[in-house]
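Heads up, the thing below is written out as structure tokens.
When a residue number appears, it is its place in the shown sequence, counting from 1. When a ligand or atom number is given, it counts from 1 through the structure's own listing order. Predicted, not measured: the structure shown is a model, and the values here were computed from it.
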Amino acid sequence: MQEDNASIPYVNLSAQWDEDKEELLPILEKVMTEAHHVGGAHIEKFEQHVAQLCDVKHAIALNSGTDALVLGMVALGIKAGDEVITPPNSFVASTAAIVQLGAKPVFVDVLPDQNIDPDLVEQMITEKTKAIMPVHLTGRIANMDPILAIASKYDLKIVEDAAQSIGSKYRGQLSGSLGHVGCFSAHPLKNLNACGDAGFLTTDDDQVAESVRLMRNHGLADRNTVTSFGCVSRMDNLQAAILDFRLQKLDQIIQKRRKNAQVYTDLIDSRFVFVPEEKSYEFNTYHTFVIQTNCRNELQKFLNQHQVGSAIHYPIPIHLQPASASLGYKSGDFPEAERQAGKILSLPIHQYLDTVSIERISKLINQFLSTHEI
Ligand SMILES: *Cc1c(COP(=O)(O)O)cnc(C)c1O
């Protein structure tokens, strides 16, 4: 029996290490013994396995999800002065990647499910628009059919920010295989996680793949020939070995997260909170499990007092960040994203969470909300 006041952390990376240790230690030892730290066989193996998993021709291992976005856009020809349409309620990296190129982020509001509203995209297209960057937030894929139709009508590139959605599906199609490039993060807090920074890019386009491969390694076509100047964004061989090992467990991880989500959905009183349902054509992987309620701050405090961790992804929409001042947006520009920023709360959903804990959290939430103004 679990004690009533046992602490339930929002994430539990130590539990992951405890589970992986026995199998992972010999792998780490082998990589260290081989002493081939940059480049190396694990990277190619990991790339092949990811390409299979995402149902794409190429996967390219990189140093971060942010670099996947930047290099993906460079390879697609997006450059200074171009405009890229994207939602304002993402992790800051999606917008920062656009800004890093000297391109301009053009924000579009989101739907109640937190993903970009396709109906608002077309009116924002100008002569400078080169791409749409949907963010598959929470592990749910954005409504891609209308977005793909708009992209095709205006000849725009689709850059999927798939950082939170490895293994997610939309009408049976895998995240990262729907656009021109899929950009994934393997940050320690993502569903498929390294022990440090890591990311990767997926594409079916041979030229884009070749270009990203070159760029990640100084633009070196061979040891001594630089065909175009690049940068350094290689994945460590060690991280690739860890990721390749964890990739084999991804299916289990996703199943457990989906089960956890189902238990929450069954138990949390939906009169008090908004819990977005999974539509029939969706397969969500629940990077986060987000509820929305008017007394979010009080609820978070209450959960804290009962040793239950939670998080807010993200409390300040990007257009209202100090860094966005020069973009000229103001409060009220994206009412749905702004409304959600005050209401969203991510509950623990990780694969080491047991049903008893979810029952306890759900009970606490129902108890709290039944006595509060909603
Ligand atoms: C994590 C994340 C990123 C950035 O990934 P890094 O590997 O940390 O660079 C980009 N977009 C979204 C939506 C993310 O969640």
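- Counting only residues at least two apart or on different chains, the ring-ring contact (aromatic ring centres under 6.0 Å, His included) pairs with a member in residues 97-156 are Phe107-Tyr329.
- No side-chain heavy atom of Leu220 sits under 4.5 Å from any side-chain heavy atom of Arg223.
- Here the two rings, on Phe283 and Tyr170, have centers that are 6.0 Å apart or farther.
- Among Val308, Leu303, Ile358, the one residue that satisfies the side-chain contact (heavy atoms from CB on, under 4.5 Å) test with Leu347 is Leu303.
- The ring of Phe334 has its center closer than 6.0 angstrom to the ring center of His319.
- In Asp269, the CG atom is crowded: over 12 heavy atoms of neighbouring residues, nucleotides or ligands sit closer than 6.0 Å.
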Can you list every pair where an N/O of ligand 1 is under 3.5 Å from an N/O on the protein?
unit_1: ligand 1; atom_1: 5 (O); unit_2: Ser185; atom_2: OG; d: 3.2
unit_1: ligand 1; atom_1: 7 (O); unit_2: Gly65; atom_2: N; d: 2.8
unit_1: ligand 1; atom_1: 7 (O); unit_2: Ser185; atom_2: OG; d: 2.6
unit_1: ligand 1; atom_1: 9 (O); unit_2: Gly65; atom_2: N; d: 3.3
unit_1: ligand 1; atom_1: 9 (O); unit_2: Thr66; atom_2: N; d: 2.9
unit_1: ligand 1; atom_1: 9 (O); unit_2: Thr66; atom_2: OG1; d: 2.5
unit_1: ligand 1; atom_1: 11 (N); unit_2: Asp161; atom_2: OD1; d: 3.3
unit_1: ligand 1; atom_1: 11 (N); unit_2: Asp161; atom_2: OD2; d: 2.7
unit_1: ligand 1; atom_1: 15 (O); unit_2: Gln164; atom_2: NE2; d: 2.9
unit_1: ligand 1; atom_1: 15 (O); unit_2: Lys190; atom_2: NZ; d: 3.0

